[in-house]
Enquirer: 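Here's a structure for you.
The figures here come from the full heavy-atom set of this structure, side chains too, leaving out hydrogens, waters and symmetry mates. Order of the sequence lines sets the chain letters (A, B, ...), proteins ahead of strands, with each chain counted from 1.
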There are 2 protein chains.
Amino acid sequence: MTTQDDRATVGAMHTVTMSDVAERAGVSSATVSRVLNGNYPVAQATRDAVNRAIEDLGYTANAHARALASSATHSVGIIVNDLVDPFFSYIVRGVEQEASATGRLCIVAASQGDVDREIDLIDRMISQRTDAVIVVGGGYDDPRARRRMAERARTLAGIGSTLVLCGRPSVGEQAPTKIVGYDNEGGAFAVTQHLIAQGHRRILYLGGPIGLSTSVARLAGFRRAMQSHGFEVPPDLVHQGAFGRRFGHTAMGEILDGNPQITAVFAANDLVAAGALDAMTARGVRVPEDISLVGYDDIPQSSELTPKLTTVHVPLEDMGRESVRLALSRTDDAFGRHADGEIIVGTRLVERESVAAPRATPWAPGR
Amino acid sequence: MTTQDDRATVGAMHTVTMSDVAERAGVSSATVSRVLNGNYPVAQATRDAVNRAIEDLGYTANAHARALASSATHSVGIIVNDLVDPFFSYIVRGVEQEASATGRLCIVAASQGDVDREIDLIDRMISQRTDAVIVVGGGYDDPRARRRMAERARTLAGIGSTLVLCGRPSVGEQAPTKIVGYDNEGGAFAVTQHLIAQGHRRILYLGGPIGLSTSVARLAGFRRAMQSHGFEVPPDLVHQGAFGRRFGHTAMGEILDGNPQITAVFAANDLVAAGALDAMTARGVRVPEDISLVGYDDIPQSSELTPKLTTVHVPLEDMGRESVRLALSRTDDAFGRHADGEIIVGTRLVERESVAAPRATPWAPGR
DNA sequence: TTGAAAGCGCTAACAA
DNA sequence: TTGTTAGCGCTTTCAA
């Protein structure tokens, strides 16, 4: 009577299908489908019989057959650089939450920042016919990459899906994408202003891959703020490279050893800031007494550093959630004005403990 | 000639299928399938024609139709508590790497520690017919949960898939699962030994959900080490609760304020250790001068704390990779002894800076 | 309220 | 080397 017994009875292992259930319940498979989906009236007695058969047989519907017949996959795809980087993992968490709240499964893949791999992954998601494919994080402004991306956007639109660019700039007006972004340049402008207001003039800009859209925008905001106050940005005070903690640590160490005469550091993201902080602490540089430090993104760890990091808050999890909401909202452009396919989430300066007024004389190595 | 033009020509949007490609290339769809899969010889000229048609039409194979016809999904499923917790995200990263190295996509879902939800997610993965479903992290020793899990394992085995328990204890000898684990109890024993060897006697055990297998094993190792030296473990020096940073912070704070007269803390994992460290630092407790601290897992952040944390290294990413390898290795038990369905990865004590000999008189609040 | 039957888009014998 | 032909397991008209 139990599942196990029945299985044993069956003998040769044969995947249980809907018609097995139908046979056992003495109905047609169409009826089984109806009780499973609950979208058509079925007599209570029939329903019970079917459910009992399902239970007895340990039947689990085949999602692929279902997808093929109904062309509804109940899944979303998401592509990130790296699954352990908090920037991405918080966004993934948001996506997963919203997906699962709407009964969808989440296919996630890591591109490791490789453009070709990213395109390849999108193609695989297209194969999966996911309801949306969400590409996260900055991209490089390569015309070829944009073109390929735009092509994918069209293909996806063609199959009733949506390409969402989350935290990544548009790939062209023509491409049918939706966008969830935030004002990178503005946020950078704001933190820089904050530093300037405290009296800082020689500020080091540290980190971020050269050419990555996110880097470009943050650096631009930094530059604009400096220039709007008539301050120069000497080339030796702009050190780009990467977004990781290790980069922050190494680069900051080298720079400090070169006696840069700076009073503040603008790290391109919080991870870089954390690394830079390590390097400073290791050299006896006090933050913020000797040198002030700001980051970007406000990943939760930032408030757990010593000192707590002043940074720009970006609602990562929300961005993830909004990405799937936006993708799923069928803005029927066929009828009149379509709802905007773009969401710009708010960003704000979070003042904590890593910024103070500059010292009279900048910190110098060799105590 | 271009993709776009052709699409425009088609008129009403109709998903491009294999027979569209076949027609355009003037061959049968079987031939298209052959060039796509490259598993049968196809004349070069034919191959070229087909590829051109694919290109022209912007054809992307439907993975569901493929899965249905071939019963091969090229996907693996993974279920974790929380995607942003480094313990899990490193394992997910390992799984994703290995999956994608073998041409598979990765379906990931978060259970938020909810047992029912976990079972539900497994069922959804079964629906997807993933090549493996990997369940990560400690479980509660609930007979009902074990039974349900064992049932799923059987179902999965029945469809040629595998349930992998990664960092989670067996659900019974009978259940056809594979296991990737590590010696939780032994690791806990080892760090505790280390603390004892330094001279510590009053050691606080902090964190870990009560009853969660991982917690249980770590606490057991702690107890065994203490007892093997004839030391008591007073009930007020065992504070369980959760695995998060916040718990570590709050609980440690309260305990310190109660003047516990301890010389060391064994945090159930690194996150708890990090939180406890914050609480200590905030109260002017110096680690390790006043109180020593150890953690568990060796998440990368641990070596970035101040002081760097002494902890037990667990190869999280490897565990993820091994989980999919193990699941995919078709150990044909039909023919003789099957390879062991269990991998126990090595664990080791990592001595860093957070442990020292105890002070003559234990730290007490109120400076 | 239920059943019959025609696909969904692809793979895999089996023939040719 | 290629085509024909059955399905894979489900949904969804269309009838009854």
Side-chain angles (χ1 to χ4, degrees), chain A residues 13-51 53-54 57-75 124 126-130 155 158-160, chain B residues 13-51 53-54 57-75 124 126-130 155 158-160:
Chain A
M13 197 57 79
H14 152 76
T15 306
V16 182
T17 74
M18 198 171 236
S19 59
D20 295 327
V21 174
E23 187 177 6
R24 173 143 187 151
V27 299
S28 74
S29 63
T31 300
V32 176
S33 172
R34 289 182 188 115
V35 347
L36 243 34
N37 296 300
N39 47 2
Y40 284 90
V42 175
Q44 189 58 48
T46 314
R47 182 185 309 279
D48 291 343
V50 169
N51 282 323
I54 288 175
L57 263 26
Y59 169 74
T60 310
N62 182 319
H64 301 292
R66 225 192 259 243
L68 187 56
S70 70
S71 51
T73 64
H74 302 291
S75 66
R124 303 207 48 186
I126 294 175
S127 265
Q128 298 291 330
R129 305 291 193 260
T130 54
T155 303
I159 61 174
Chain B
M13 195 57 81
H14 152 77
T15 308
V16 182
T17 75
M18 197 172 237
S19 60
D20 295 328
V21 174
E23 186 179 7
R24 173 143 188 151
V27 299
S28 75
S29 64
T31 299
V32 177
S33 172
R34 289 182 187 114
V35 349
L36 243 32
N37 296 300
N39 45 3
Y40 285 90
V42 174
Q44 189 58 48
T46 315
R47 183 185 309 280
D48 292 343
V50 169
N51 282 324
I54 287 176
L57 263 27
Y59 169 75
T60 310
N62 181 321
H64 301 292
R66 223 190 259 239
L68 187 56
S70 69
S71 51
T73 65
H74 301 291
S75 65
R124 303 206 50 185
I126 293 176
S127 265
Q128 297 292 329
R129 305 292 193 261
T130 53
T155 303
I159 61 174

Enquirer: Between D/dA6 atom C1' and B/Leu68 atom CG, what is the distance in whole Å?
Expert: 13 Å
Enquirer: Counting side-chain heavy atoms from CB outward, which of D/dC8, D/dT2, D/dC10 is closest to A/Tyr59?
Expert: D/dC10
Enquirer: Does B/Ser29 place a side-chain N or O at less than 4.0 Å from the phosphate oxygens OP1/OP2 of D/dG3?
Expert: no
Enquirer: Whole angstrom is fine here: how far is it from CD1 in A/Ile126 over to P in C/dG9?
Expert: 16 Å
Enquirer: Rounded to whole Å, how long is the line connecting atom NE2 of B/His64 with atom P of D/dT11?
Expert: 14 Å
Enquirer: Mind checking B/Val27 for me? I need base, sugar-phosphate or nothing, with any heavy atom below 4.0 Å counting as a touch.
Expert: sugar-phosphate
Enquirer: With a 4.0 Å limit, can you tell me whether B/Asn37 has a side-chain N or O closer than that to the phosphate oxygens OP1/OP2 of C/dT11?
Expert: yes
Enquirer: Counting only side-chain heavy atoms from C-beta out, which of D/dT1, C/dT2, D/dC10 sits nearest to A/Arg66?
Expert: D/dC10
Enquirer: Report the nucleotide, chosen from C/dT1, C/dC10, D/dC10, that has the shortest atom-to-atom distance to any side-chain atom of A/Ala43.
Expert: C/dT1
Enquirer: Under 4.0 Å, heavy atoms only, any strand: does A/Ala61 hit a base, just the sugar-phosphate, or nothing?
Expert: sugar-phosphate
Enquirer: Does B/Ser127 reach the main-chain N or O of A/Ala61 with its side chain, forming a donor-acceptor pair under 3.5 Å?
Expert: yes
Enquirer: Using a 3.5 Å distance criterion without hydrogens, assess whether the side chain of A/His64 forms a donor-acceptor pair with backbone atoms of B/Gln128.
Expert: yes
Enquirer: Whole angstroms only, please: what is the CG-C1' distance between B/Asn62 and C/dT11?
Expert: 13 Å
Enquirer: Report the nucleotide, chosen from C/dG3, D/dT12, D/dC10, that has the shortest atom-to-atom distance to any side-chain atom of A/Thr17.
Expert: D/dC10
Enquirer: Counting the atoms with a prime plus P, OP1 and OP2 as sugar-phosphate, which does A/Ser71 contact under 4.0 Å by heavy atoms, base, sugar-phosphate, or nothing?
Expert: nothing
Enquirer: Hey, are the side chains of B/Asn51 and B/Arg47 touching, using non-hydrogen atoms and a 4.5 Å cut-off?
Expert: yes
Enquirer: Whole angstroms only, please: what is the NE2-C1' distance between A/His74 and D/dT11?
Expert: 12 Å
Enquirer: Within the side chain of B/Asp20, is there an N or O that forms a donor-acceptor pair under 3.5 Å with the backbone of B/Thr17?
Expert: yes
Enquirer: Going from OG on A/Ser19 to CZ on A/Arg24, what distance comes out if it is rounded to the nearest 0.5 angstrom?
Expert: 14.0 Å
Enquirer: May I ask you to verify whether the side chain of A/Arg34 and the base of C/dG3 hold a donor-acceptor pair under 3.5 Å?
Expert: yes
Enquirer: Would you say B/Ser70 places a side-chain N or O within less than 4.0 Å of OP1 or OP2 belonging to D/dC8?
Expert: no
Enquirer: Using atom types as modelled and distance alone, determine if a side-chain donor or acceptor of A/Thr73 lies under 3.5 Å from a backbone N or O of A/Arg129.
Expert: yes
Enquirer: The side chain of B/Ala69 is closest to which nucleotide in this list: D/dC10, D/dT12, C/dT11?
Expert: C/dT11
Enquirer: Want to settle it: does A/Arg129 or A/Gln44 sit nearer the 5' end of DNA chain C, counting the closest nucleotide to each?
Expert: A/Gln44
Enquirer: Find the distance A/Leu57:CG to D/dG9:C1' and express it as a whole number of Å.
Expert: 15 Å
Enquirer: So which nucleotide from D/dT1, D/dC10, C/dG3 ends up closest to the side chain of A/Met18?
Expert: D/dC10
Enquirer: For the pair made of OH in A/Tyr40 and P in D/dA15, what is the distance, rounded to whole Å?
Expert: 14 Å
Enquirer: Taking the side chain of A/Ala65 as its heavy atoms from C-beta onward, which of C/dG3, D/dC10, D/dG3 lies nearest to it?
Expert: D/dC10
Enquirer: Would you kindly give the CD-to-C1' distance between B/Gln128 and D/dC10, to the nearest whole Å?
Expert: 14 Å
Enquirer: Checking contacts here: which listed nucleotide (D/dT11, D/dT2, C/dA4) is nearest the side-chain heavy atoms of A/Ser33?
Expert: D/dT11
Enquirer: Would one find a side-chain N or O of B/Thr31 under 4.0 angstrom from OP1 or OP2 of D/dT2?
Expert: no
Enquirer: Of all the choices, C/dT1, C/dG9, D/dT12, which nucleotide is nearest to the side chain of A/Ala30 once you look at every atom?
Expert: D/dT12
